[in-house]
Enquirer: 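Below is the structure I would like to discuss, written out as structure tokens.
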Amino acid sequence: MIVKELTQKSVFQSAHLYNGIYTEFLIPVRYSPLQKKDVCGCWLLVFKTKEVMKVWQNIYETFQKFVTENSLLSEVVEFEPFKCLDPSSIIMNRGFNEAYTTDSYAYYLEHGGSRPNECINRDIFLLNQALEELQHPKLGSQNREQVISRLITKNFIEGNSQLKWTDKVPWTLYIPSISYEDIEQWKNK
């Protein structure tokens with residue numbers, strides 16, 4: 001299926017370029033072009049331009065490499081893989097929409113409510129322990145190091161609805177919080 005056909009099959013669409021980078025489409029599992037389908041469907045991200053996607057992808061891959069090269073963090077976090085459909089769109093599984101997230105935990109800390117189970121508490125502890133051991137990124141560019149440091153904060157320290165508690169490894173990051181400002185700063189080595 002091509003991108004246009006997939007967008008027509010979507011059951012949800014974000015506001016057009018709501019973050020200045022891409023528009024999100026939620027594709028039901030029956031139309032997913034992914035080989036390993038997720039029962040909750042998949043996200044199709046249609047980028048503003050192929051140049052924006054290329055920079056976003058470069059940031060994503062650098063961020064992923066930085067995380068996976070850190071032994072403690074790589075034991076507790078994995079990245080949901082994506083597939084490029086064309087030069088300006090990617091698709092990835094969505095993950096369970098009711099999964100426990102670090103955003104859920106932040107809400108619990110601020111407002112109370114139902115307490116997370118012991119497995120989630122243990123895995124939050126493991127994530128925090130791995131983050132304490134994390135070294136500052138060394139990329140040879142202060143701008144790029146600042147972007148990766150910000151991504152560590154936005155994706156793993158602050159509450160994040162895309163960092164979901166999973167049964168494979170404790171946490172799976174689906175769509176990382178890469179902003180338009182991150183893209184602009186990344187381009188200015």
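Only heavy atoms go into these numbers, but all of them, side chains included; no hydrogens, no water, no symmetry mates.
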Enquirer: Test of understanding: with side-chain contact (heavy atoms from CB on, under 4.5 Å), list the residues that count as partners of Val39, not counting sequence neighbours.
Expert: none

Enquirer: Checking Ser10 now: which residues fulfil side chain to side chain donor-acceptor pair (under 3.5 Å) with it, not counting sequence neighbours?
Expert: none

Enquirer: Please walk me through it: do Tyr180 and Phe47 pass ring-ring contact (aromatic ring centres under 6.0 Å, His included)?
Expert: CA-CA 11 Å; Tyr180 190 75; Phe47 287 80; over 10 Å; no

Enquirer: How would you list, by chain and number, every residue that makes a side chain to side chain donor-acceptor pair (under 3.5 Å) with Trp165, sequence neighbours excluded?
Expert: Asp123

Enquirer: With a 4.0 Å cut-off on N to O distance, would you call Lys50 and Asp86 a salt bridge?
Expert: no

Enquirer: Is there a chain of hydrophobic side chains (I, L, V, M, F, W, Y, each step under 4.5 Å between heavy atoms) that links Ile120 to Leu131?
Expert: yes

Enquirer: If I take atom OG from residue Ser32 and atom NZ from residue Lys9, how far apart are they, to the nearest 0.5 angstrom?
Expert: 14.0 Å

Enquirer: Is the positively charged end of Lys164 above the ring of Tyr100, judged by distance under 6.0 angstrom from the centroid and angle within 45° of the axis?
Expert: no

Enquirer: Do the two ring centres, one from Phe63 and one from Phe156, sit under 6.0 Å apart?
Expert: yes

Enquirer: Testing Thr153, Thr102, Asn155, Thr101 one by one against Asn160 for a side-chain hydrogen bond (donor to acceptor under 3.5 Å, both in side chains), which residue passes?
Expert: Asn155

Enquirer: Would a single hydrophobic cluster contain both Ile157 and Leu126, if residues Ile, Leu, Val, Met, Phe, Trp and Tyr are joined by side-chain heavy-atom contacts under 4.5 Å?
Expert: yes

Enquirer: Describe, in one word, how the ring planes of Tyr60 and Trp56 are oriented to each other, choosing from parallel (under 30°), tilted (30 to 60°) and perpendicular (over 60°).
Expert: parallel

Enquirer: Should Glu184 and Lys187 count as an ion pair when the cut-off is N to O under 4.0 Å?
Expert: yes

